[in-house]
Amino acid sequence: MKVELQNLTKIFPSRNKKSNEEVIAVNDFTLTIPDGKLVGLLGPSGCGKSTTLYMISGLQKASSGKIFFGEEDVTNVSPENRGVGLVFQNYALYPHMTVKQNILFPLQNLTGKDKLPKNEMIERAYEVARLVQIDDLMERKPNELSGGQQQRVAIARALVKMPRILLLDEPLSNLDARLRLQTREEIRRIQKETGITTIFVTHDQEEAMSISDMIIVMKLGIVQQVGKPQDIYDDPTNLFVAKFLGTPPINVFDGKISGGKLYIGEDAVLDVKGVEDKDVFVGIRPEGFVPSDKGEFNCKLNNVEVMGRDVSIVSTNSASLNPVIRSIVSSEYVKTIAEDQETIAYSLIPHKVFIFDKETEERICF
Ligand code: ATP
């Protein structure tokens, strides 16, 4: 099912009697989410991710704008009639019910023509339980399950009504690191098997990048960029997006453009012909540095962190806005670094270097 958001806006009134400042939690959000895709809604805390999700589910009413599921305008349709499955961070399972009863609950609540015969309900519950691989745990209570298993029950409960859209709000936050990895792969598999259009909220860029067909980066209620994860990583529209995606994060420097050359400190690091002279921010991805005796960019070498196949060279430069510069290079380079070496020179890979206007922080293409 295609989801279309048209100028969706949510304004919360001020709770502070002294000031009348309202909060624009979501500001003029327009987007079409194609049928059958897994979309990651990404951004820092408070940027409006959950509010967007709740407006799509119907739990919160939009202040203005419209929401369509396929061709149907659902803006004023109640949550229970929208056909969405919602999974929250804290699972919200009923503790006194077994897994089976928890999964059956949404079906038992259906009324009228939607109500299924009992045997069909049970069949459906087992079908989704098999899909999320908890069919052997049906008689247990939630407190007899691991966090990952509880999250699967919550997903099964959301899927049992065969929703048109699946909405997941930080579904992995309560899981430990290993389980998060495993469960995110599970979500991807379940989404592919069911083909349900899924919107998945997270503040973890790695999580969003790893499983999403498409990501939406938000800041202060405003969509910054929408696209395939790799495209956004390779082609960020502004400094915020460039900084938000990537581990280790992008290295940011004060720089300037003068006479068609990009300078970081005194070093002319790249040709940027055709770009007007001005002060800029320079972002360099960790994989954009190539250690080289003839390198144009000179840094102070701190240490080398071995990561296996690759190494991370940690260095500093007075123009760096990050405490240290992290470059990721092939482990072959370690052999060329002398024990008492104090400096390191890099050549830069042009397409891994981004420059941004200092005032607007928008990208300047070169
Ligand atoms: P997090 O990752 O921390 O959950 P989020 O990106 O999901 O954050 P939202 O919960 O959508 O952010 O909140 C967006 C903004 O709206 C925040 O500034 C928040 O304080 C504000 N907000 C959310 N709900 C309300 C409310 N009921 N009343 C007033 N302001 C609210």
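All ligand and atom numbering here is 1-based and tracks the order in the structure.
- For F253 and F281, the ring centers sit 6.0 Å or farther from each other.
- Backbone and side-chain nitrogen or oxygen atoms of S45 are examined, and one is located within less than 3.5 angstrom of a nitrogen or oxygen of ligand 1.
- Side-chain contact between M138 and T98 is absent, with no heavy-atom pair separated by less than 4.5 Å.
- Taking the centre and axis of the six-membered ring of F200, the NZ or CZ atom of R184 falls outside the cone set by 45° and 6.0 Å.
- Between K278 and D357, at least one side-chain nitrogen of the basic residue sits less than 4.0 Å from a carboxylate oxygen of the acidic one, meeting the salt-bridge criterion.
- Ligand-side atoms of ligand 1 in range of A25: 14 (C), 15 (C), 16 (O), range being under 4.0 angstrom from any heavy atom.
- Ligand 1 has no nitrogen or oxygen under 3.5 angstrom from a nitrogen or oxygen of F12.
- Note that atom 26 (C) of ligand 1 has protein non-hydrogen atoms nearby, at separations under 4.0 angstrom.
- Looking only at side-chain heavy atoms (C-beta outward), I215 and V226 stay at 4.5 Å or farther from each other.
- Between M55 and S57 the shortest side-chain heavy-atom distance does not fall below 4.5 Å.
- Considering only non-hydrogen protein atoms, atom 17 (C) of ligand 1 sits nearest to G46 O, 3.7 Å.
- Heavy-atom separations between C47 and ligand 1 include at least one value shorter than 4.0 Å.
- Between K300 and E342, no side-chain nitrogen of the basic residue sits less than 4.0 Å from a carboxylate oxygen of the acidic one, so the salt-bridge criterion is not met.
- Ligand 1 has at least one atom lying under 4.0 Å from a heavy atom of P44.
- Counting heavy atoms closer than 4.0 Å to ligand 1, residue K49 contributes atoms from both its backbone and its side chain.
- Looking at atom 11 (O) of ligand 1, its nearest protein heavy atom turns out to be T51 OG1, 2.5 Å.
- The ring of F240 has its center no closer than 6.0 angstrom to the ring center of F356.
- For atom 4 (O) of ligand 1, the closest non-hydrogen atom of the protein is S50 OG, 3.7 Å.
- Looking only at protein heavy atoms, the nearest one to atom 19 (C) of ligand 1 is V23 CG1, 4.8 Å.
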